[in-house]
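Okay, structure first, notes after.
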Amino acid sequence: MDNSRPPTPDSAPPQDLWSSILDSVSTSRSIPSKQVLILGQPSSGKSTIASALLQKPIADDAKDEQQRIDFALGYDFANVRDDADEDTLARLSVYTVPSSASSYTSLLPHFLPPRPSLPHTLVVIVLDWTKPWTFVEELEAWLQWVETWAKGDGSRELEITREENRERLQSHIQHYAEPSTNPVPAATSTLSSTLLPLGPGTLTHNAAGVPIVVVCSKADLIDEASDNTPVGGMVKGKGGEWEERTDGIMQVLRTICLKYGASLLYTTPLPATLQTLRQYALHLLFMPPAPSPGLEVQAPVRNIFPFNQKPNTLDRDHILVPAGWDSWGKIGVLRDGFDAKLWNEAWERDLEADGSSNEPGAKAVYSSFVPDMGPKPTPLPAFNNPIPEQAFLARHYDENAKKTDRDPRGAFKNPGEVSAGIVGPLGSSSFSLPNVERALSEMESSMGLAGVSAAAGSRIGQRPPAVSARSGGLGGASPPTSAGRVPTSPTPGLGATSPATGQSQHEVLQNFFQSLLNTKDRTGATPARSATPRINGTSPPTAAPNGNADEEN
């Protein structure tokens with residue numbers, strides 16, 4: 001007889017008991033993952049801050065910011081251990097964005113989706129103290145991007161995460177207490193359900209409650225007044241103006257950080273300031289959740305990374321303004337004449353998309369307070385728009401067509417209007433062959449063959465033959481040239497009439513052509529008598545048929 005009973009449903013063991021035990025142990029011992037998102041412009045000191053957060057040395061290729069090549073999105077991670085360096089408390093991932101260009105920032109939602117990343121993400125905005133005139137503009141661009149990233153797709157799950165995250169940040173700001181060396185009394189060690197409301201201008205933005213730390217890097221260069229340092233060029237040395245401007249910049253930054261529940265830190269290459277940044281970043285990453293609303297008193301949740309640094313607003317290279325400590329009253333105490341409310345309203349005008357207000361925004365007011373002293377690019381020369389080639393030629397063609405004196409073809413169209421020059425054309429009658437032929441025919445009919453033969457012997461520029469001493473002429477003259485020699489080319493004189501012969505240029509040219517015709521057509525004729533000018537009113541000797549000169553009686 002079988003006395004066994006089937007087990008009841010309550011006593012039935014799970015089917016996979018060992019796997020459930022392992023899952024429960026792994027869940028209780030799992031290492032939390034946190035991430036830090038570093039935002040900043042190129043060469044602002046992001047690599048130094050990333051290495052300080054991860055406690056890793058800077059790579060050799062990343063030391064020179066001018067030669068370093070940034071990736072589209074930088075990433076690195078490290079394990080966070082306890083003080084004894086025994087247990088791993090968390091895994092810290094650091095993402096670095098090269099610049100605020102949309103081509104880089106659009107990649108972040110794929111690596112850091114807002115819904116699972118909001119409770120475990122800290123945003124660090126890096127500003128470069130060597131370019132203080134860019135602070136407000138860069139802050140506005142980065143803070144608006146954080147708001148857009150935290151909105152995500154607007155799903156219901158994301159809205160719940162955003163509300164929980166904002167309650168956590170608001171609780172952290174309201175319960176902030178300045179660190180003290182005295183132990184905290186037991187009566188005040190519990191959290192009260194009654195909290196003071198937030199001050200004016202505190203956490204008015206940042207609806208998702210993202211922890212934000214604004215880091216002003218290279219704060220050691222604030223005191224530099226050399227010409228190579230832009231800050232020194234801005235303030236022109238130390239003194240009242242130097243302190244007024246640096247304090248004014250700090251007041252503006254604190255006012256903006258107060259609106260977003262953000263913190264403000266100044267860092268230098270010294271390890272002390274970088275270590276302070278790392279401790280405060282871990283403190284914000286492990287911020288406890290907000291207590292549940294109720295009337296009963298709840299015990300505070302201990303932060304595994306406490307932060308015991310006191311706020312500092314006096315040392316310009318060790319500025320520390322934690323979230324929850326600052327207020328408009330403390331900002332105004334630093335320097336008289338600063339109105340935090342006016343700057344708060346100016347910031348709101350910048351965020352308005354319609355731009356209906358005529359009042360200047362925060363960026364415009366800040367640019368007048370801190371002018372841009374950065375290097376200006378060389379201005380480009382004025383754009384030269386040349387006239388198209390065909391339009392240029394058509395315009396000048398029309399002008400030359402209206403003015404005949406400017407048309408070079410006019411000399412050939414109206415040759416009679418061209419005057420004789422020294423080396424240029426001698427006129428229409430000089431080059432008109434019919435005129436020359438007509439003149440030759442007239443001379444042949446009037447003078448006869450002997451006269452034509454005598455005229456053919458003339459030469460332009462030929463020296464007259466010598467006159468014998470008996471007639472009072474010049475001696476030692478060469479005999480006249482014979483008709484068989486090729487006549488020389490005429491050389492035009494400076495005037496219209498040859499001073500040697502008393503003949504005009506037209507007559508000289510006609511005689512020259514006559515000599516050419518006589519030489520060619522009458523090769524067997526008697527050599528022509530040279531036509532020479534008279535000397536002292538007497539006729540020069542003529543050449544005899546045998547080539548000898550006749551003597552006078």
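Atom set for the values below is all heavy atoms of this structure, side chains included, hydrogens, waters and symmetry mates excluded.
When side chains are defined from C-beta on, L258 counts as touching W328, because their heavy atoms get closer than 4.5 Å. At a threshold of 4.5 Å between non-hydrogen side-chain atoms, the residues L73 and Y104 do not count as touching. Side-chain atoms of V94 and K34, non-hydrogen and from C-beta on, never get closer than 4.5 Å to each other. A 4.5 Å side-chain heavy-atom check between L158 and K151 finds every atom pair outside the cut-off. Contact check for L92 versus F77: no side-chain heavy atoms found under the 4.5 Å cut-off. In this structure, the side chains of C257 and V214 come closer than 4.5 Å at one or more pairs of heavy atoms. You'll find the side chain of P371 stays beyond 4.5 Å of the side chain of W133, heavy atoms only. When side chains are defined from C-beta on, W142 counts as touching T105, because their heavy atoms get closer than 4.5 Å.
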Review point. Side chain to side chain contact (heavy atoms under 4.5 Å, CB included) between L274 and R278: does it pass, once the steps are laid out?
Key: CA-CA 6 Å; L274 297 174; R278 183 177 184 273; over 6 Å; no
Exercise for review: Go through the steps for V126 and L39 under the test side chain to side chain contact (heavy atoms under 4.5 Å, CB included), then give the verdict.
Suggested key: CA-CA 6 Å; V126 183; L39 308 176; over 6 Å; no
Practice item. Go through the steps to decide whether Y260 and T204 satisfy the test side chain to side chain contact (heavy atoms under 4.5 Å, CB included), and finish with yes or no. Key: CA-CA 6 Å; Y260 290 83; T204 58; over 6 Å; no
Check your understanding: Is there a side chain to side chain contact (heavy atoms under 4.5 Å, CB included) between L169 and N165 once you walk through the steps?
Key -> CA-CA 6 Å; L169 180 61; N165 217 43; over 6 Å; no
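Here H205 contributes atom NE2 and I212 contributes atom CD1; the two are 11.5 Å apart, rounded to the nearest 0.5 Å. Expressed to the nearest 0.5 Å, how far CD of Q174 lies from OG1 of T202 amounts to 10.0 Å. Expressed to the nearest 0.5 Å, how far SG of C216 lies from CG of L264 amounts to 5.5 Å. Summarising the geometry, atom CZ belonging to F305 is positioned 14.0 Å from atom CE belonging to M287; distances are rounded to the nearest 0.5 Å. L277 CG to Q309 CD: the interatomic distance, rounded to the nearest 0.5 Å, is 11.5 Å. Within the model, atoms CG of L284 and OG1 of T121 stand 12.5 Å from one another, a figure rounded to the nearest 0.5 Å.
For F135 and W129, the gap between ring centers is short of 6.0 Å.
For L203 against R166, the heavy-atom pair with the smallest separation is O-NH2, 3.0 Å. A pairwise comparison of heavy atoms in R168 and P211 identifies NH2-CG, 4.2 Å as the closest pair. Taking all atoms of both residues into account, the shortest heavy-atom contact from F369 to E244 is CZ-O, 4.2 Å. Nearest heavy-atom pair across L139 and L253 is CD1-CD2, 3.6 Å. Minimum heavy-atom separation, Q144 to L351: NE2-CD2, 3.0 Å. Between D350 and G361, the shortest heavy-atom distance links the atoms OD1-CA, 3.2 Å.
Within a 6.0 Å radius of NZ in K341, other residues, nucleotides and ligands contribute 12 heavy atoms or fewer. Counting non-hydrogen atoms of other residues, nucleotides and ligands closer than 6.0 Å to CD of E178 gives a total above 12. By the 6.0 Å contact criterion, CZ on R395 is enclosed, its count of non-hydrogen atoms from other residues, nucleotides or ligands being greater than 12. Few gaps surround CD on E348; more than 12 heavy atoms of other groups in view lie less than 6.0 Å from it.
Within the 3.5 Å criterion, the main-chain N or O of E167 finds no donor-acceptor partner in the side chain of S171. Checked by atom type and distance alone, the side chain of S217 never pairs as donor or acceptor with a backbone atom of K46 at under 3.5 Å. The backbone N or O of T48 lies less than 3.5 Å from a partner atom in the side chain of S51, making a donor-acceptor pair. Panel note: side chain N303, backbone F286; a donor-acceptor pair is recorded below 3.5 Å. In this structure, the side chain of S367 engages the main chain of A364 through a donor-acceptor pair within 3.5 Å. Here the side chain of S44 pairs no donor or acceptor atom with the backbone of G40 at under 3.5 angstrom. Within the 3.5 Å criterion, the main-chain N or O of P32 finds no donor-acceptor partner in the side chain of R91. In this structure, the side chain of N312 engages the main chain of L314 through a donor-acceptor pair within 3.5 Å.
Partners of H318 under the ring-ring contact (aromatic ring centres under 6.0 Å, His included) rule, at least two apart in sequence or in another chain, do not exist in this structure. S263 pairs by the side chain to side chain donor-acceptor pair (under 3.5 Å) definition with Y280, not counting sequence neighbours.
In this pair, W149 and W145 present their aromatic rings parallel. The plane angle is below 30°, not in the 30 to 60° band. Ring geometry for H283 versus F307: interplanar angle of 30 to 60°, hence tilted.
No side-chain donor-acceptor contact under 3.5 Å links T130 and K218. Using modelled atom types, one finds a donor on one side chain and an acceptor on the other under 3.5 Å when comparing R81 with T88. In this structure, a donor-acceptor pair under 3.5 Å is present between the side chains of Y75 and S93. Residues Q41 and S100 have side chains that bring a donor and an acceptor to within less than 3.5 angstrom of each other.
One finds a salt bridge joining R316 and D247 here, because a Lys/Arg side-chain nitrogen approaches an Asp/Glu carboxylate oxygen to under 4.0 Å.
Applying side chain to side chain contact (heavy atoms under 4.5 Å, CB included) to I38 and the options V213, V97, L53 leaves one that passes, L53. Applying side-chain hydrogen bond (donor to acceptor under 3.5 Å, both in side chains) to T268 and the options T273, D317, D220 leaves one that passes, T273.
The stretch residues 152-163 participates, sequence neighbours left out, in these side-chain hydrogen bond (donor to acceptor under 3.5 Å, both in side chains) pairs: D153-S155.
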